[in-house]
Structures are given as structure tokens and as C-alpha cells.
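Naming convention: chains lettered A, B, ... in sequence-line order (proteins, then strands); numbering from 1 in each chain.
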Amino acid sequence: MRLASTKQDPVTFLSLIRQCIDTKSISDIMKVQTQIMKSGFLVGFGDKLIVGYIKCGGVVDARKLFDELPKRHIVTWNSMISTHIGHKRTKEAIGLYKKMILEGVFPDEYTFSSIFKGFSEMGSLREGQRAHGFSIILGLEASNVFVGSALVNMYSKFGQMRDAKLVSDRVVKRDVVLFTALIVGYSQHDEDREALAIFVSMINEGVKANEYTFASILIACGNVENLGNGKLIHGLIIKSGFESVVASQTSLLTMYSKCGLIDDSLKVFKRFANPNLVTWTSLIVGLVQNGKEEVALTKFRQMTRNSINPNAFTLSSVLRACSSIAMVEEGKQIHAIVTKHGLDRDTYCGAALVGLYGKCGSTEMARLIFDDIIELDVVSMNSMMYGYAQNGLGHEALELFNRMKDLGLQPNDATFVSVLLACNNAGLIEEGCQIFSSMKKNHNIELTRDHYACMADLLGRSGRLKEAEALIEQVRNPDVVLWRSLISACGIHGKVKMAERIKDKVLNLAPGDEGTHVLLSNIYASTGNWSQVIEMKTTMREMRLKKDPAMTWVDIDREVHTFMAGDWSHPRSKEILETLKELMERVKSVGYVPNTRFVLQNLEEEKKERSLYYHSEKLAIAFALWRTSNKTTSITIFKNLRVCGDCHNWIKYVSRVVNKEIISRDSKRFHHFKNGLCSCGDYW
DNA sequence: TTAGGGTTAG
């Protein structure tokens, strides 16, 4: 901008400022300001120059000039405050608010409409309440709906829904914005039914819902799985002409998936011409929640192919999908994407990664990620503790549990599932009992089935069978799984009579429960009670109950190889058999003795030994050792059932003679075999 | 010459 050097008049200055606003040029305003100051007009034009700076995005320059002005109009104060709030300069905004009061300028309805947001962003409830009091004194709380909405918002953010409601009740002319703010507040604080009630009263007051209201109320319907109302609102959206608004459609998609109608979510999704990141993420999350993890992963790939970059929300959800169905390799690929986006240290992604690595037995990797997370929360701590629990590292889990208290984090019900499981898997009986009894007393945690299951298993396995039974009887409707763990404990401690008594209880509950039949048959077999075994098996045949065949699989170079006991269909059977033979000789030479107690069939001793020889995990380990190079330091195998005592012992010897770590995930937990020892300490 | 609301995650 070129300025004429001749004398300038007020009209010219005004038009010059307007020109600067149009071209959004801060440097031009500075030139105009210099000119104005030279002409001695600053007092008259200060406010207008500030508006100019603000409109061009020059918050800092506006503030500089603002501080130089001897007198400022209330409008200028308000503009300064709202601009600072808008630019996330919350502290400065609150500073300005205090400064104006000190200088004797009273805040008005415009000031209050923006300043309350500042207090909620700063987390200063007390100061917010003080300002609220001031607005009441000035008669602005109830008379102006802008002020009222801002207050409702502030109290909602602080979770003070009672206060939010009280304010809203006092506001004279309530509009759709105020109602929406209240609905969102209730819904975000798990009071979705109240949110629905507010929606109804809004309609009754004759206030029309808009796309924002619809988006929020659908989330509330989804949260309480109120499909009926959700569908009604879907109809209202169509009637009100908001059918193509992205936000309300995304909420519609979420509502259907939360109500379990994932196909309807997919239908809604199909109508999007250009779904955005939030829409894609909502769909992916919905798929994961409805057990469609593979589809979720396909959608994720489709999304990235469409050049939409994932964020922490998307990636943490996809990672959860991978770990929930043990897609370890896919999970590792997603980890690479997380790293590429610099999100390893994000609370949500970090927690999901910890969960993934914990689940595949790499607690060390999980811990490395965990230690790097910038802001630890209950979930990330729970994930790490659960990882330790699954892998039998009880003391490590307890140490984190204590650290949680030091960090001032409130443990939740999931925390106790992890901690109790950790105690259970590590045989920390006293610690487990103590923590269990503290749950309600000291932490006000509602006991769930999972907590009881852990505790019953812990007591049962340690031989306190009567206590375990009494505990299960405390559960309102104890399920089959709970009782089965007690039967299995009876088996460990040779209490056949008690096992039979519990079996009758279970079969009354669920006559066709094959697990119970298998358990009993195994208990009879291990005590040499072969006639009973035959009877059990006949019953099972008659009832057409089938036992899951034991299976072990191993993932090598992204190819999964599955093995069953005595199954020689693998193309490399010859090599497997040779490796197995060699391994047997080596482990026997250092002390391994086959334990035929674990053969659950009535065979001659030598045949029993042969049958142990070909258990699926032995075949899988032999194959993995043959296929991988000598440099490989660890191999991981997966089993659908629990590992038998003989294989457990055998793998310990193998880990010693081949000098490698062998990680085995069975149906209940991980075992890390190293140098002839197992991480479970032979307690599982 | 100034002001308020919505959608996604463990």
C-alpha cells in the first residue's frame, strides 16, 4: 500500500483501514497506524485499528496497540477478549477480563458470552463461579440467552450438570443452542436418559431442533441403545431436511452400530459421497464393537487408499481390532503407521500398542512403549497391568497398581480385573484376597462376574475349594464358566467327589455343556478311573457333544502352520519328525522324563509315551526350530487349549538345550520358557 | 464495530 505523503483526513483513514481488512494485510495496517499517529488522531482511531488487526488475524499486534491506548471502548475490550479465546490464548483473555474490571469497565452480555469458555478451558471452576455471580448481580444471567448458553456450557464441561440445569431453567427465552448445549452436557456425562428428556421438553416448548441437536441426541440414543427413539429421530431428520448433513449422518451411523445394527450403519455410510476422517473412523469403531474386526481393517485400508490420513482415534481403534483377534503381524504394520505419524507416545495409541504387545507375549516391548507414553491414564496403566497378568508377571503388575495410587489415578473395575488376574496367574494368593476385599470397602467398585471368576479361580487353584464354592454362590446367576473353573480346581487337587457334585450342579444349569463333560472325563483319566472315562465318553457320544481338538499354530514369515496331535499332513512332516527325534534325545540326556499321567487315554505305558511324543505343541516347536535360522532368539506358538503338564516340562528342557526363548500362548495365558525355566513358575 | 452450540477412541 502506498500512502500519500500529504495531510490525511479522518474519512481517508477510515477507508484505508477498510482496504487493509479487505486485503488482510497486517503490515499495511501498521503503515496506516504510523500515519494516524503522525497526524495526532490515535485516540479517535485506536479502536478501529484494533478491529483491523483482529480481522487480519494479528492478535499480538492488536494487543500491543490496545495496551498503548489511553481509553478503550467496551466493544474493544469485548473484541479483544473473544479474539483471545478464539485463538486459544485463554490466560490472556482472562487477564483482560480482570484488567477491565480493575479499570472500572463493567463487563456486559458480550463479555460474559465469551469469558466463561475461558474458565472452563483453564479448569478454573471457582473463578468461573465468581464471574457467574457477577453476571447475576448485573442482571445478565437469565435475560440473555447467549450468556445462559455459555454458562450451561461451562458447567457441563466441569460435569456440574445440576448447575447447568439450574441456569437453563432461569433463562427467559431459551433457544435451540441452549438446549443443545444441555443435551450434549448430559450425554457426555452418562446421563443420556436426561438428555432425551431435555430433547422432548425442547420440542414441547416449540423450539425446533437443528442438525447439531440431531447429531447430539442420536449419540444419546446410541449410548442407551434406545433404537426406538433413534429410529424416530432418524425420521425427524428426514422430515426436517437434514438428511445430507455430515455430522448428523455420522451420529446416525454411530447410533445404529451402538444398537448392534451394523448393517444399517453400513447402509448410512454408503450414502456418503465423500466420507471424512471422522465418518470413516466412526464406521471402523462400529465394526470393531460389533465383532467385525477383519472388515474394520479392510475399511481402514480402503480409507488410506482414498488418501485420507488416519489420526490417533483411527489408529488406536484399528490396533484394538488387531489385538482382539490376535492379528499380530497386521498390528505390527499398524505400529509402523503409528510411528510414521509420530503417535507412539499418544495416550490412546500407546495404550493400544501396549495391549497388542502384551497380548502377543512381548511384555518387554509393551513396557518400552508404556514408559514412553507422555500422559499416562487409567486405561494405559490397565493395559500394561493386563499384559503383565497374562504373562504371569504378578509382582510387576502389583508394582504398577501401587504406582497408580501415587499418580493419583482412580482405579476402575478393569484395573481390578487385571490385578486379580495377575495375582491369580502368579499364585499371589494373599495379595489377591486382600485386594479383592478392598475393592468395595476402599474403592467403591461394583463387583462383576469377571472379578468373581478371577477370585474363584485363585482360591480354587490354591486348594481353598470350599471358599471358592462359597464365593461363586454369592454371584447372582453364576454361569457355567464360573463353575467349570471350580471343577478344574477339584481336578488339580484330586477332589473327585467334589468335582462330581459340582458337575451335577452345572448339568442342571446347562445339560449339554461339553466343557463339563470333558473336564470330568479328564479328571477320571488322570486318576486312572477308566471305567468312568468310558461312561463319560459314551454320554458325550449319545448327546452328540464334541470336544474341541487340541491345536497349536505357529506364524512363520506371515504364514500360519497348524498342527494337531499325531497329524502328519504337514508337507514337511519328514523334517519335523527328524527334528523332534533329535530334540527328544537331547532333552532326555539332560533329564527330561515323559510324564504319562497326562495321557488321557487307557493305553499301555509305551503307547502312552508315544502319544505324548506327538502332542501338537511338540510338533509345532519342532517345525519352528527346523524352519528358523540359528540366529533366531525366540519362537512363539499359540494353542487353543491349555498346555499339558508334560509339554510344559518338555518345553522347559527344550528352551535350555536350544538356548532360545519359547513363548507359548495357551487359552488362558502366556508362558515364557527360557534356560530351562518358565515365567509361570510352574503355577498355571 | 463485539457473542454462544455439533460429529470419532481405550
### Query
Looking at dG4(B), does its base get a donor-acceptor pair with the side chain of Ser149(A) below 3.5 Å?
yes

## Note on the structure
Side-chain atoms of Ser251(A) come closest, of dG5(B), dA9(B), dT7(B), to dT7(B)

### Summary
Per the under-4.0 Å heavy-atom filter, residues of residues 164-173 of chain A near DNA chain B come out as none

### Message
Give the residues of residues 73-84 of chain A touching DNA chain B, defined as any heavy atom closer than 4.0 Å, sorted by residue number.
### Response
His73(A), Val75(A), Asn78(A), Ser79(A), Ser82(A)

### Query
When the distance from CG of Leu315(A) to P of dT8(B) is rounded to whole Å, what number comes out?
18 Å

## Note on the structure
Quick note, Glu109(A) side chain, CB onward, closest among dT8(B), dA3(B), dG10(B) is dA3(B)

### Message
Output the rounded distance in Å from CG (Leu140(A)) to P (dG4(B)).
### Response
16 Å

### Query
Counting only side-chain N and O atoms of Gln188(A), is one of them less than 4.0 Å from OP1 or OP2 of dG5(B)?
no

### Query
With sequence neighbours left out, what residues match Asn204(A) under side-chain hydrogen bond (donor to acceptor under 3.5 Å, both in side chains)?
none

### Message
Nearest to the side chain of Ser282(A), heavy atoms from C-beta on, is which of dG5(B), dG10(B), dT8(B)?
### Response
dT8(B)

### Message
Tell me whether Tyr186(A) at atom OH has more than 12 heavy atoms from other residues, nucleotides or ligands lying less than 6.0 Å away.
### Response
yes

### Task
Residues of residues 373-383 of chain A with any non-hydrogen atom less than 4.0 angstrom from an atom of DNA chain B: list those, numerically ordered, please.
Asp377(A), Val379(A)

### Message
Under 4.0 Å, heavy atoms only, any strand: does Thr213(A) hit a base, just the sugar-phosphate, or nothing?
### Response
nothing

## Note on the structure
Contacts of Phe300(A) meeting ring-ring contact (aromatic ring centres under 6.0 Å, His included) (sequence neighbours excluded), chain-then-number -> none

### Message
Which nucleotide wins on minimum distance to the side chain of Val51(A), given the candidates dG5(B), dG4(B), dT1(B)?
### Response
dT1(B)

### Query
Using a cut-off of 4.0 Å on non-hydrogen atoms, how would the nucleic acid contact of Val278(A) be classed: base, sugar-phosphate, or nothing?
base

#### Entry: Proximal nucleotide (of dG4(B), dT7(B), dT8(B)) relative to the Asp175(A) side chain
dG4(B)

### Task
Applying side-chain hydrogen bond (donor to acceptor under 3.5 Å, both in side chains), name anything that partners Ser113(A), two or more places apart in sequence or on another chain.
none

### Query
Can you name the side-chain hydrogen bond (donor to acceptor under 3.5 Å, both in side chains) partners of Lys88(A), sequence neighbours left out?
Glu121(A)

### Message
Categorize Asn144(A) for me: base, sugar-phosphate, or nothing, with a 4.0 angstrom heavy-atom threshold over every strand shown.
### Response
base

### Message
Check Lys165(A) with Glu191(A), please: is the shortest side-chain N to carboxylate O separation under 4.0 Å?
### Response
no

### Task
Check the distance between dG5(B)'s P and Ile219(A)'s CD1 and give it to me in whole angstrom.
18 Å

Report all side-chain donor-acceptor pairs from residues 142-155 of chain A shorter than 3.5 Å, counting only partners two or more places apart or in another chain.
from      : atom 1 : to        : atom 2 : distance (Å)
Ser143(A) : OG     : Gly139(A) : O      : 3.0
Asn144(A) : OD1    : Phe146(A) : N      : 2.8
Asn144(A) : OD1    : Val147(A) : N      : 3.1
Ser149(A) : OG     : Val145(A) : O      : 2.8
Tyr155(A) : OH     : His132(A) : ND1    : 2.7

### Message
Using whole Å, what does the distance between atom P of nucleotide dG10(B) and atom OH of Tyr348(A) come to?
### Response
9 Å

### Task
Identify, with sequence neighbours excluded, every residue that meets side-chain hydrogen bond (donor to acceptor under 3.5 Å, both in side chains) alongside Asp175(A).
none

### Task
Kindly point out which of dG5(B), dT8(B), dG4(B) is positioned nearest to the side chain of Val176(A)?
dG5(B)

Output a table of donor-acceptor pairs, distance under 3.5 Å, between side-chain atoms of residues 48-60 of chain A and any protein atom two or more places apart or on a different chain; print 'none' if there are none.
from     : atom 1 : to       : atom 2 : distance (Å)
Tyr53(A) : OH     : Gln33(A) : OE1    : 2.6

### Task
Salt-bridge test for Glu205(A) and Arg174(A): reply yes if a basic N is under 4.0 Å from a carboxylate O, no otherwise.
yes

### Message
Going by the rule salt bridge (charged side-chain N to carboxylate O under 4.0 Å, His left out), which residues pair with Glu68(A) if we only count those two or more places apart in sequence or in a different chain?
### Response
none

### Query
From the list dG10(B), dT2(B), dT7(B), which nucleotide is the closest neighbour of the side chain of Tyr110(A)?
dT2(B)

### Task
May I ask you to say what Val246(A) touches in the nucleic acid, namely base, sugar-phosphate or nothing, with a heavy-atom cut-off under 4.0 Å?
nothing

### Query
Hey, does Leu218(A) reach any base, or is it just sugar-phosphate, or nothing, if we go heavy atoms under 4.0 Å?
nothing

### Query
Measuring from Gln302(A):CD to Ile284(A):CD1, what's the distance to the nearest 0.5 Å?
9.5 Å

If you look only at distance, which donor and acceptor atoms sit under 3.5 Å apart when one is on a side chain in residues 370-381 of chain A and the other is two or more places apart or in another chain?
from      : atom 1 : to        : atom 2 : distance (Å)
Asp371(A) : OD1    : Arg367(A) : NE     : 3.1
Asp371(A) : OD2    : Arg367(A) : NE     : 3.3
Asp377(A) : OD1    : Val379(A) : N      : 3.3
Asp377(A) : OD1    : Ser380(A) : N      : 2.9
Asp377(A) : OD1    : Ser380(A) : OG     : 2.7
Ser380(A) : OG     : Asp377(A) : N      : 2.9
Ser380(A) : OG     : Asp377(A) : O      : 3.1

#### Entry: Closest nucleotide among dT8(B), dG5(B), dA3(B) to the Lys117(A) side chain
dG5(B)

